[in-house]
Amino acid sequence: MPRLLQMSEYVKVEKKWQKRWERDRIFEADPDPKRSKFFITVPYPYTNGALHIGHGRTYTVGDLIARYKRMRGYNVLFPMASHMTGTPIVGMVERIKAGDHDAIEQYKRDLRLYLDSEEAVDAQLKKFTDPWVTAKFFADAISADFKALGYSIDWRRKFTTGDRIYNQFVTWQYHKFMDKGYIRQGAYPILYCPHDGNPVGEDDLLKGEDAKIKEFTAIKFGFEDGFIVPATLRPETIFGVTNMWINPSSTYVWARVDGEKWMISQAAAEKLKLQAKKVEVLDTFPGARIIGKKFRAVHDQHEMPILPADFVDADNATGVVYSVPGHAPFDYIALQDLWDNPSSVARYGISADNIRAIKMIGMIAIEGYGEFPAKEIVEKRGIKSQAEAERLEEATQEIYKAEFYGGVMKDNCGQFSGRAIKDVKDQVVAWMKSKKLCDVFYEPDRRPVVCKCGTNVQVGVFAGQWFLDYLSPGWKDKARQALDTMSIVPDTFRHQFEATFDWLTQRPCARKRGIGTRLPFDPEWIIESLSDSTIYMAFYTIAHKITGNRLKPEQLTLSFFDYVFLGIGNLRDVSKETGVESALLKSMHDEFMYWYPNDQRHTAPSHISNHLSFAIFHHVAIFPKEHWLKCISLNEHVNMEGMKMSKSKGNVIPLVEIPKKYGADIYRTYVVSAAEPGTLMDWRERDVPTVKSKVSQFTEIVNKYATKVPRVYAKKDKPTMITRWLLSKANTIAKECTESLDSFKLRDYALLVMSEMPRVVTYYLNRREVPAEEKQATLAYVCDIWVRLAAPLAPHICEEVWSKMKREGYVSLAPWPEPDSKLMDSAIEDAQAVVESTIRDVREIMKLMKGEKPKKVHVYIAPAWMFDAMRSIREANLPIKVGDIMKHLMSVAEFKPYTKEVKVIVDRIAKENGLWGHSASAKDEQHALRSSASYIQSELGMEVVVHSAEKPAYDPQNKARFALPGRVSLFLE
RNA sequence: GCGAGGGUAGCCAAGCUCGGUCAAAGGCGACAGACUCAAGAUCUGUUCUCGCAGGAGUCCCCCGGUUCAAAUCCGGGCCCUCGCACCA
């Protein structure tokens, strides 16, 4: 099959150049004080499996920028490493060990991509019981993939985040945070499996994967010699309490909780044990036992009864509910039942009078509701019983929303009277907290949430959780300052950064499991993997010197990094302490100082709310201003035929298949030209052939003409008009490419190189009036520009052509084409546009002539003075007002004789809302049309006669008078 | 719920920051023509509606507003996507 042959041809060329690049180490960047540097990074991949086409988009964009900057003359550093810290690899290894079918299949799928036989796959999989083996395997696989895509990476600097030298670096980083006081320890709630004794992440859950943690306020109402403790999401309603609800058939306890006596459900007592409370159960009893007893209000100590209610779930929160019948539909309807049937509680010793004595309390005013919103909504919705849980829930939601956003505390709410609910909630909690009248109780926000081990997941609280405290004084301000002074491209993402910065508070930075660096001041904890990968761009600047010189981890002490990165300390002392030669130490410091800051960090927007924001915060915490990140650029993810890619859907194209399946250059071109970076890209298989044909069209033309001897035909050489047009066009395109790349409009750039340029060149090739020699020499010149413009996009093909052109060195290192402004001639381009629009007009007229086949087209060019008039208007730069322009023109003697025609032009300008393109003069326009006559003739299949409209030799239908500059008049016969 | 970003012709996708040159680039698909025995590939043209010669009409989610002029600015509505913390 010829197609396959062709593909293998691509692979051959790609491999050839990749080998040479590697052999000649052209992407290995060393400091060169004579050249400006450009340091670009893309976050290292997580080496837990094969990467796919979507990851490739991001790395391809990174490489494109690196290659472009290199050609612009920068000393470019584009390094790469691999990420293995954290829980996923460990988690997968555990699952493999446990014989988990899904995990094994998932790895087998990935392994088959890299290994030929099923035996090899099984053999490799057997070794995946060690996370290091897994990480190493995929790290190697991915770097091979990256090489096969032509990424211009300096591989000498690679490392993994599990390396001990890297641990030393992170240790230093966390000491710095500690010194600044940015690290804190405190309580932190987390989903927790009581059976495994471990926190659970999304991947560990069988049911309820997206469960979050809900924070209840547990309120301590005085009861006997302790507290009865209901938990609520609406603590501000304590002023409307009329009674307590207890499920008579559930089990309750008296327990000593952190030294206080609490009455709660038995289940709640168990949960509190997980929530870092000291819990000792003193007495266990059925709820029925305390029904009818009295408890005391929080705010004024008045007594209220404890009543029975079946809707109370002892397994939710504390299993105790306080009743606010004026505002809570559940409470209202439960109370209603008792009012209707007071005898049902007689057995608890509660009289009908006691029940009737309970009066609802209205404590929140909202527009659209009366005294008791709960009563109203229950009646409005016709809810009849406690059993209608779903409808009651809806009613609750409605009231809650209305009250939260629009409600105001009535004047029976003590010092909170008159305040808006949404503001007062936290204040009520703060007030109770100050009086030790409330606590926090956590629950998952949904049920069921089940661990993979089958156990019901609870909320656990880590008392000693380590945090990075982004609210530490001054930190956020500095980070905002950094954000304001750096560029975000596309800038639309800046808002997202700002929102993230606002929202960041404390972030847990360590965990008890996974691979990583131990927290230096509390080795039980391992630094969490997003928090250990924030300033490692600095590590790239010296990684090759550490590994190249075989420095031991122990040598990389705090003072080592202080000296190298911050210039702190004395060279001789540091050398003595670390045993690192002072010359080497100095060179590492120098190298860091040369490369830093990171000029551009490129990745996907999904990292804004974590990695990228942390990177900014951590940089400002540790480095001086001149070493903060300069720019963050982003590209969105890739969809597959309109669908999200996922391994479970099986619609993932792995990165490793790309070179074989498409060819690296074609993939690169596709992925850059299919969508602008800021938007989600849709991979559509059926569009690939188009890209392929564009690329091969480029290859073909360039192969044919690039090797000819280039020559630039100046005006005095009297080339054909279309040659001058092409010279102008090629330089204009070069200019536009540069502008597009500089403004991160990568799609525009790709389209210019692979769509616009071929269109222009093909058009030129089809113009038969150009002498062969002139054509070849001109195309040779254009191809020289074109190959260099295309090199960042399709580097392999371009190297191949470059070598055929017998040019020195690699196109990857060739200078970026400078547009030659002398050759750019907008008048020529406009004149050519007139030729094209003339052809379009003729076609349109022909369409309307129905059947008649004209043999000849007469073209009338507007008179010379009109071109002068247009120029005069252009130069006067008038607003588009008919009167003004009219006045302006009539004030010039040259135009005075043409009042009527001037009016026509001015009307047209008004109608078109401005001026349009045309040739520089009547002479030029005539020349353009005349010299294109043979072309027009071949396009339209009819003879072309060009006339001046001034005194046309032939004009039977008096058409000449309609001609305007850029708008020829036509007559077909 | 909170936060961010979107809705453009059959589909994908530019344009919107800086209102007019926008019936709106480019691609896919479709249709027609050239080439071919034929298909594919390639090239050329057409692809909102109407049209008496290059013209006119109606369009950029919906409704309203600002303006001489709005896909572009403002207000409201409907719908969609993404992130929301221990997960890389």
Side-chain angles (χ1 to χ4, degrees), chain A residues 2-3 43 45-46 48 83-89 91 188 190-191 199-204 210 212-213 397 400-401 404 445 462 465 467 490-500 502-512 514 528-531 533 605-611 636-637 639 641-642 644 673-676 678-682 684 686-687 689-691 693-694 697 745 747-748 750-752 755-756 759 762 766 837-850 852 854 880-881 909-910 912-917 939 957 959 962 967-972:
Chain A
R3 200 174 155 161
Y46 195 77
N48 186 31
H83 195 191
M84 62 175 289
T85 47
T87 52
I89 289 192
Y188 194 72
I190 184 178
L191 291 177
V200 284
E202 241 172 72
D203 296 337
D204 304 318
D210 40 7
K212 300 273 180 290
I213 290 166
Q397 289 301 322
Y400 178 62
K401 230 186 230 173
F404 187 78
D445 66 347
F462 273 121
Q465 174 69 53
F467 295 94
D491 197 61
T492 40
F493 289 108
R494 187 178 289 278
H495 292 130
Q496 222 162 307
F497 277 99
E498 285 163 355
T500 302
D502 289 346
W503 156 87
L504 272 174
T505 54
Q506 285 91 29
R507 157 96 192 180
C509 63
R511 276 194 302 232
K512 295 233 164 162
E528 177 271 331
S529 86
L530 274 173
S531 304
S533 305
S606 51
H607 297 132
I608 291 174
S609 67
N610 44 59
H611 167 74
E636 268 290 359
H637 291 284
N639 266 2
E641 312 285 349
K644 223 177 182 166
S673 64
E676 280 299 352
T679 61
L680 196 68
M681 190 194 105
D682 196 21
R684 302 203 298 175
R686 71 175 182 199
D687 287 354
T690 310
V691 173
S693 80
K694 291 277 180 207
Q697 196 179 7
K745 304 224 169 191
R747 180 174 190 266
D748 282 350
L751 291 180
L752 282 166
S755 278
E756 184 68 7
R759 202 174 5 252
T762 312
N766 290 337
S837 76
T838 302
I839 292 171
R840 256 198 311 278
D841 282 354
V842 173
R843 284 203 173 110
E844 193 164 342
I845 295 166
M846 278 165 70
K847 213 168 74 188
L848 295 169
M849 284 174 74
K850 304 244 168 83
E852 277 180 72
I880 304 156
K881 284 208 183 125
I909 290 170
E912 302 264 334
N913 271 314
L915 298 158
W916 56 87
E939 281 294 296
Q957 289 199 0
K959 295 280 188 192
F962 297 124
R967 300 274 159 85
V968 300
S969 182
L970 299 168
F971 171 60
L972 276 65

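Bear in mind the structure is a predicted one, so any value in this text is a computation, not a measurement.
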Selected nucleotide, minimal atom distance to A:S969 side chain, candidates B:G5, B:G54, B:C28: B:G54

Partner lookup for B:A32, please. Criteria are Watson-Crick or G-U wobble with both distances under 3.5 angstrom; report none if nothing qualifies. B:U44

Distance check needed: B:G83 C1' versus A:L680 CG, whole Å only. 14 Å

Where the side chain of A:D682 meets the backbone of A:E641, is there a donor-acceptor pair that is under 3.5 Å apart? yes

Which comes earlier along RNA chain B counting from the 5' end, the contact point of A:S755 or that of A:R967, where each point is its nearest nucleotide? A:S755

Using whole Å, what does the distance between atom C1' of nucleotide B:G83 and atom CD of A:Q496 come to? 7 Å

Classify the side chain of A:R843 versus the base of B:A53 as yes if they form a donor-acceptor pair under 3.5 Å and no if they do not. no

Identify the two heavy atoms, one from A:P854 and one from A:M846, that lie closest to each other, and give their separation to 0.1 Å. CG-CG, 4.0 Å

A:S606 near the nucleic acid: base, sugar-phosphate alone, or nothing, with a heavy-atom cut-off under 4.0 Å? nothing

Please determine, for the side chain of A:K959, which listed nucleotide (B:G26, B:A14, B:G54) has the closest atom? B:G54

How would you label the contact of A:F971 with the nucleic acid (heavy atoms, under 4.0 Å): base, sugar-phosphate, or nothing? base

When you measure from the side chain of A:R686, which nucleotide among B:G29, B:G54, B:A13 comes out closest? B:G29

Figure out the CE/C1' separation between A:M681 and B:G27, and round it to whole Å. 13 Å

Using whole Å, what does the distance between atom P of nucleotide B:G83 and atom NE2 of A:H607 come to? 11 Å

Choose from B:G3, B:G54, B:C28 the nucleotide whose nearest atom is closest to any side-chain atom of A:R684. B:C28

My understanding is that a pair needs two contacts under 3.5 Å, Watson-Crick or G-U wobble. By that rule, which nucleotide pairs with B:U58? none

Span that lies between the C1' atom of B:A41 and that of B:C22, in whole angstrom: 35 Å

Looking only at heavy atoms, the pair that brings A:F971 and A:K959 closest together is CB-CG, 4.0 Å

P gap between B:U42 and B:A25, integer Å: 23 Å

Using a 4.0 Å heavy-atom cut-off, does A:K694 contact any base of the nucleic acid, only the sugar-phosphate backbone, or nothing at all? nothing

Interatomic distance at C1', B:A23 relative to B:A56, whole Å: 12 Å

Could you check whether A:R511 gets within reach of a base, just the sugar-phosphate, or nothing at all, counting any heavy atom under 4.0 Å? sugar-phosphate

Identify which nucleotide among B:U42, B:A88, B:G27 has an atom closest to any side-chain atom of A:P88, counting heavy atoms from C-beta outward. B:A88

How would you label the contact of A:H637 with the nucleic acid (heavy atoms, under 4.0 Å): base, sugar-phosphate, or nothing? nothing

Which part of the nucleic acid, if any, lies within contact of A:I608, taking any heavy atom under 4.0 Å across all strands shown: a base, the sugar-phosphate backbone alone, or nothing? nothing

Just call it for A:T505: base, sugar-phosphate, or nothing, with non-hydrogen atoms closer than 4.0 Å on any strand. base

Would you say B:U81 has OP1 or OP2 under 4.0 Å from some side-chain N or O of A:K644? no

Tell which nucleotide pairs with B:C84, taking only Watson-Crick or G-U wobble pairs whose two distances are both under 3.5 angstrom. B:G1

C1' atom, B:U21 versus B:G15: distance in rounded Å? 14 Å

Using modelled atom types only, decide if a donor and an acceptor are shared between the side chain of A:S755 and the backbone of A:L752 within a distance under 3.5 Å. no

Between the main-chain N or O of A:D748 and the side-chain N or O of A:E756, is there a donor-acceptor pair closer than 3.5 Å? no

Between A:H495 and B:G5, is there a side-chain N or O to OP1/OP2 distance below 4.0 Å? yes

Rounded C1' spacing from B:C50 to B:C37 in Å: 42 Å

Does a nitrogen or oxygen in the side chain of A:T492 sit under 4.0 Å from OP1 or OP2 of B:G5? no

Once you apply a heavy-atom cut-off of 4.0 Å, does A:D491 come out as touching a base, just sugar-phosphate, or nothing? nothing

Distance-minimising heavy-atom pair for A:F467 and A:P508: CD2-N, 3.7 Å

What one should report as the nearest heavy-atom pair of A:K644 and A:N639 is CA-OD1, 3.6 Å

Heavy atoms only, 4.0 Å cut-off, all strands: where does A:L970 land among base, sugar-phosphate and nothing? base

So which heavy atom on A:P88 is nearest to which on A:Y46, and how close? CD-OH, 3.2 Å

For the side chain of A:E844, starting at C-beta, report the closest nucleotide among B:A14, B:G55, B:G27. B:G55

Just by distance, with hydrogens left out, do A:S531 and A:E528 show a side-chain donor and acceptor under 3.5 Å apart? yes

Starting from P on B:C43, measure out to CZ on A:R759 and report it in whole angstrom. 11 Å

Could you please name the option among B:A13, B:A88, B:C84 that lies closest to any side-chain atom of A:R747? B:A13

Report the nucleotide, chosen from B:G5, B:A85, B:A13, that has the shortest atom-to-atom distance to any side-chain atom of A:T679. B:A13

If pairing requires Watson-Crick or G-U wobble contacts with both distances under 3.5 Å, which nucleotide is the partner of B:G19? none

Base paired to B:A14 (Watson-Crick or G-U; both N/O distances under 3.5 angstrom): none

Base-pairing assignment for B:A71 (Watson-Crick or G-U wobble, both under 3.5 Å): none

P gap between B:U46 and B:G27, integer Å: 12 Å

Map A:T85 and A:D748 onto RNA chain B by nearest heavy atom, then report which one ends up closer to the 5' terminus. A:D748

Check every strand shown and say whether A:T500 touches a base, only sugar-phosphate, or nothing at a heavy-atom separation below 4.0 Å. nothing

Of all the choices, B:G27, B:G3, B:A85, which nucleotide is nearest to the side chain of A:A499 once you look at every atom? B:G3

Taking B:G19 as the reference, what is the distance to B:G65 when you measure between their C1' atoms (whole Å, please)? 15 Å

Which value, in whole Å, describes the distance between the P atoms of nucleotides B:G26 and B:G45? 11 Å

Between A:Q465 and A:C509, the two heavy atoms sitting closest are NE2-N, 4.1 Å

Please state how far atom CZ in A:R840 lies from atom C1' in B:G54, giving the value in whole angstrom units. 11 Å

Atom CG of A:L504 and atom C1' of B:C84: how far apart are they, to the nearest Å? 11 Å

When all nucleic acid strands are considered with a 4.0 Å heavy-atom cut-off, which category describes A:Q506: base, sugar-phosphate, or nothing? base

Considering only heavy side-chain atoms of A:Q957, the closest of B:G26, B:A53, B:A88 is B:A53

